[in-house]
Amino acid sequence: MKLFDTMSRTVRDLAPRDGATYRFYCCGPTVYGPAHIGNFRTFTLQDVFRRTLELSGLATFHVRNLTDVDDKTIRDSRAAGSTLGDFTDHWRDRFHADCDKLNLLRPHLEPSAVAHIPHQIAMIGELMEKGHAYASPDGSVYYRVSSFRDYGRLSRLDQRELREGASGAVADDEYDKDSVSDFALWKARREEDGDNFWDSPWGLGRPGWHLECSAMCREYLGESFDLHSGGVDLVFPHHENEIAQSEACTGHRMADHWFHLTHLLVDGGKMSKSAGNFYTLEQLEKAGFSAAELRHVLVSAHYRQPLNFVAKDAEGKETFPALLGARQALQRLAKFDVALAARTGEPETPGYATLLAGKDGASFAGAFEALENDLNTPDALGRIFTAIKALDVASLSSEEARRERLGFHRVLAALGFALPSVAGEGGREAEAPADIARLAEERRAAKLAKDWPEADRLRNEIAALGWEVKDTKEGYELCPKN
RNA sequence: GGCGAGGUCGCCAAGUGGUAAGGCCGGGCUCUGCAAAAGCCCUAUCGCGGGUUCGAUUCCCGCCCUCGCCUCCA
């Protein structure tokens, strides 16, 4: 597999350092509220990345942290009147629930910052010893950026000029640092932190944000590992600071490869609560859409390309045309699968384990290869539909159909698509309440008697109850109106 | 001001130095008592102006516009 590497700014082949298992770290969420669909673009593409690696025959070891102590978690937990732990547990559970709905594979390990305070303190000690850190009079500890020669390599800091306060964020003058670019490793206890402080050789306080990732990477992935990933906004300063901390400590290159994901835009701009275009999975579900539909939208653009999530239609109404389109596309995939399955005589969907074992791509090999080529998800999607159109399912032998189906499901598994049930295939039809089903039967009888007015009357009655009856070759199907 | 990304059919979005995938929407056809559903088919010369080239949407230069980041936002 090939993937763009932020450090070298080139597309490079991926190979595990140990020759067996690809070990990587993804910066996870700060658990102080529901994750939004932009966060999920990142996590979903990281998931596609992992699935593609695994399906191409490589074992993986995936670590993703939970940030459960920082300004926001502390502030909001106190505002909510709960302990930091209870508060972050709640949002962690919610995050997991959303991830499950989106069909994201659980990381092999999900360490949290609070559970690794000692590791972080130990790391600060090492940095102090090596002259990369200093304590300020108030008991905070800072990393001395000027002590690390390579600082800024990832974000090409040497080629840029930092404009102080350009982001609108005001420098925190409650702490005193030797240089504005120095960053906190340890933050001295403050009044507004409440009970959230830990003891350290430098006094009571809490760790700085960047440090947790360095400490946990080292603990679980070692001094050097294969790949580190996160949203583009983390390139600077977060990842830059992680590199400075880790490499100053160990003297070794932290990660071989840096994988960054471009942000999701909503209706052409950044998502923000004030702009009213801030969406969570829950909101989209309330609007009648599924996580699978969102997932389809999220993978519809290349990860290094901004993806414009269209929520409002041409009239400015919030109708989510992007999700509507995804629904149709997914339905087509599902119908194709039903037809293909019927041809094989094996209705069971091949499981992930089966797909891992086989490499038979058949007509869908090109689509999978698109994923291996810098994770080109939109290209893969295009190739899937092209292959579907080109395949004459009816002419396939059951053996050919079986092979094609494995190839088809292999790409679907890499994309993490769970196909919706197809109307009339026992999925949605089964949900129809008895009285609706009875009316439908009556209509069927009226149709057989060629009593068209009665048949149409019954169809309208069913429609008034929120269901739609559609005739098929065999009979009819019922599905909820939306 | 600096850095980065980008402007491809109504919308979303790939891609290539030789005349532009795919999805949605729309239109047409088939099927159907009608309708829906389903199936099939159809729709672009790639922001603007130069240059290089036999040939550029794809390379170079300039311009316009959009978006993101610039110390704790994925």
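Being a predicted model, the structure only gives us computed values, none of them experimental. First the proteins, then the strands, lettered A, B, ... as listed; each starts at 1. Computed from heavy atoms alone, side chains included, the values below leave out hydrogens, waters and symmetry copies.
Cation-pi geometry between A:R64 and A:F43 is met: under 6.0 angstrom from the ring centre, within 45 degrees of the axis.
Using a 4.0 Å heavy-atom cutoff across all strands shown, A:H36 reaches at least one base atom of the nucleic acid. Nucleic acid contact class of A:L264 (heavy atoms, under 4.0 Å, all strands): base. Among the protein residues, A:R332 comes within range of the sugar-phosphate backbone only, with heavy atoms under 4.0 Å from sugar or phosphate atoms but none that close to a base. Using a 4.0 Å heavy-atom distance criterion, A:A322 is classed as making no nucleic acid contact.
Between A:H36 and A:F278, the ring-plane angle classifies as perpendicular under the 30° and 60° cut-offs. Ring orientation note: the planes of A:F320 and A:Y279 are nearly perpendicular, at an angle over 60° on the 30°/60° scale.
Between the side chain of A:D471 and the base of B:rA35 there is at least one donor-acceptor pair of N/O atoms closer than 3.5 Å.
Between A:N241 and B:rU71 there is no side-chain N or O to OP1 or OP2 distance below 4.0 Å. Residue A:N376 places none of its side-chain N or O atoms closer than 4.0 Å to OP1 or OP2 of B:rA14.
With centroids closer than 5.5 Å and planes inclined by less than 30 degrees as the test, A:F385 and the base of B:rG22 fail to qualify as a stacked pair.
Counting to the nearest Å, the P atom of B:rA21 and the NE2 atom of A:H302 are 20 Å from each other.
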